[in-house]
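Structure, as structure tokens:
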Amino acid sequence: MSGILTVKQKLVDLLSQAATKAQEAGKLPSVTLPEVAVEHPQNADHGDYASSLPLKLARATGLNPLNIANSIVEFIAPSPEIATIVVAPPGFINFTLKSGWLTGQVEQILAAGDSYGNIDLGKQSRVQIEFVSVNPTGPLHVGHGRGAVLGNTLANVLTAAGYKVEKEFYINDAGSQVDAFKRSLYTRYQQALGIDAEMPADGYFGGYMAQLAKEIIAEEGDRFLSLPEPEASGQLGKLGLTKMIDQIRGDLELLGVTFDVWFTESSLYEKGQYSTTMSLLKQGGYIAEKENATWFVSTALGEDKDNVVVRSDGSPTYFATDIAYHYNKFIERRFDRVINIWGADHQGHISRMKAVVSALGIDPERLKMIISQMVSLRRGGDMVRVSKRSGDIITLREVIDEVGIDACRFFFLARSADSQMDFDLELAKRESAENPVYYVQYGHARIASILRLAKEREIDASDGDISLLVSEPELVLIRKMLLLPEVVEQVASTLEAHHLAYYAQELATVFHSFYKQCRVVSRENGQLTKARLKLVAAAKLVLSGTLHLMGMTAPDTM
RNA sequence: GUCCCUGUAGCUCAGCUGGAUAGAGCAGCUGCCUUCUAAGCAGCGGGUCGCAGGUUCGAAUCCUGCCAGGGACGCCA
């Protein structure tokens, strides 16, 4: 749409201007205006948009809400979109859109093309979104897939909402879990070469480790055996990590998830952010030595307890490097906002990260953590365990192979990140034809089919007159199409991606209903055919745009 | 014990910053294919919004307490 403002935003502006004018004219007491809310009424009889502003003002002024409503309506400036403004008890102001304006939007959508739905909420401010960031000690499982799809989709939506977005994967290549990975790999390597070696107690027992060892032997031979132990497991481990990361990257690409930056934890030591941050915190008085270790005094910032940053053996904790990492994000790379998507097991990490960020003098509001809740795998009634260490895992890749990319993405996006989900592999496979994803994509395929027929009959719709679109199913479809920018705004400001999946279904529903009731390509009425061809071409843009935001394909045939 | 998430139709879930008669899909039951894809459409039935208080013109939504399920509380990440 050429106008970047959504209708909703425009109404918000009109209302607050009107209320201010009413105050200036003495028709309303000069109280501070509450935040003006405009919403879609549940009941269509109440119009397209409604505001409860008068009801909110009634509390502050003590006046009758209906009188307030009338006073405000009197000052609402005329606008090309609006047909009627009605005051309704107990004190709502209801707006109905002009049908001529509605149909006119079809041309606007066609003119906007692929950029329809884009808004300017972000004003090109810089947002970094970090997600997945799994330890490269094993293959990805479904839970990681959920975070990956969520992060990737949010990045798409934030970009559409006018932010400059960078997607980042943080590689934990320096901690003790990576150390355990290296020792485990070395053991498997020795064992594969016939040497009696024992797995470390904290090791990774999954079958992929033995396979990784074999792969390395096939490529590099037994040369690591001649090295002394720490060097051998170090070099071998580094090789193994690289392979593991490549595999993770490949699995994510399979899901359509890519990153702009792969950031390594180890670089925080090489480039000095770690020591810089520690001295900053020390200067701020947030560091204390006790029990032979170094602590971040989060209790000074209202936290329940302090946290160790440097262990008694002198090695920094994960928390310490994460502090340095966020210093790098905010101070060195100067992102306006930083979003981290974490698994449910990181929930306890949120408040101390917020605390430490404010200790570094950064407004914690600029840092947003999203917790994506657990995904349990199921085969029918049986739970499938997904412990990386035990080795009994179903990988993300296996799930994608079984269910398909589009269904997988839609499934992850169709529920709020806050709620846990059961992923039933049998159900996903057995009912794949009934999955809402096919319902939505089928709508797109039907539109493509209509456009194919029009092309076969060599119909040129470019001079179609959209003012002929006056029937109810047509207007219902257009109204729904106009919501895409609002959905983009909602997802971008709440960081809740599931609204997109629901919108996609609603859009498909109104299209299918239109399709049933309104024949598009008709031999009887050439003018109406052309007008409707424009409408479905616009609907195709909106539907495919929505699917693409979700990282899904919009098939022309099914 | 403390903290986080969840509890809405038989099932899976929406319900936006408090708003008008609480919604969708699946499952069940009725109808609808001579014409652009029936992976579709139209309709019916189905609710103590976990429980109890509170806040107010108004609560599924906010507050308090309780119950239930899951998760986190480490010098792991």
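- Residue A/S312 is classed as a base contact, given a heavy-atom separation below 4.0 Å to a base.
- Looking at A/S522, its side chain does come within 3.5 Å of a backbone N or O of A/N525 through a donor-acceptor pair.
- The same atom, P, is picked in B/rG65 and in B/rA22; the two are 30 Å apart, to the nearest Å.
- For A/Y438 and B/rA39, the shortest distance from a side-chain N or O to OP1 or OP2 is not below 4.0 Å.
- Here the nucleotide nearest the side chain of A/N172, chosen from B/rA20, B/rA39, B/rA77, is B/rA77.
- With its ring centre under 5.5 Å from that of the base six-membered ring and a plane angle below 30°, A/F92 counts as stacked on B/rA20.
- Look at A/S513 and you'll find a side-chain N or O under 4.0 angstrom from OP1 or OP2 of B/rA42.
- A/A37 comes within contact range of no nucleotide atom at all, as no heavy-atom separation falls under 4.0 Å.
- A/R415 has no side-chain polar atom (N or O) that falls below the 4.0 Å cut-off from OP1 or OP2 of B/rG25.
- Between B/rG15 and A/H498, a contact under 4.0 Å exists linking OP1 or OP2 to a side-chain N or O.
- Distance, A/H349 NE2 to B/rG71 P: 21 Å, rounded to whole Å.
- Within the 4.0 angstrom heavy-atom criterion, base atoms lie near A/E291.
- Atoms CD (A/Q373) and C1' (B/rG7) sit 13 Å apart, rounded to a whole Å.
- Residue A/R352 has no polar side-chain atom (N or O) positioned under 4.0 Å from OP1 or OP2 of B/rC73.
- OP1 and OP2 of B/rU35 both lie 4.0 Å or more from every side-chain N or O belonging to A/S522.
- The phosphate of B/rC41 (OP1 or OP2) has a side-chain N or O of A/Y439 nearer than 4.0 angstrom.
- In the set B/rC41, B/rC36, B/rU2, B/rC36 carries the atom at the smallest distance from any side-chain atom of A/V521.
- In this structure, A/S419 reaches the B/rA14 phosphate: one of its side-chain N or O atoms is under 4.0 Å from OP1 or OP2.
- Between B/rG28 and B/rG71, the distance separating the two C1' atoms is 36 Å to the nearest Å.
- In this structure, A/H346 does not count as stacked on the base of B/rA72 under the 5.5 Å centre distance and 30° plane angle limits.
- Counting atom types as modelled, A/R311 pairs no side-chain N or O with a base atom of B/rG74 as donor and acceptor under 3.5 Å.
- At B/rA24, none of the side-chain N or O atoms of A/Q505 fall inside 4.0 Å of OP1 or OP2 (strictly under the cut-off).
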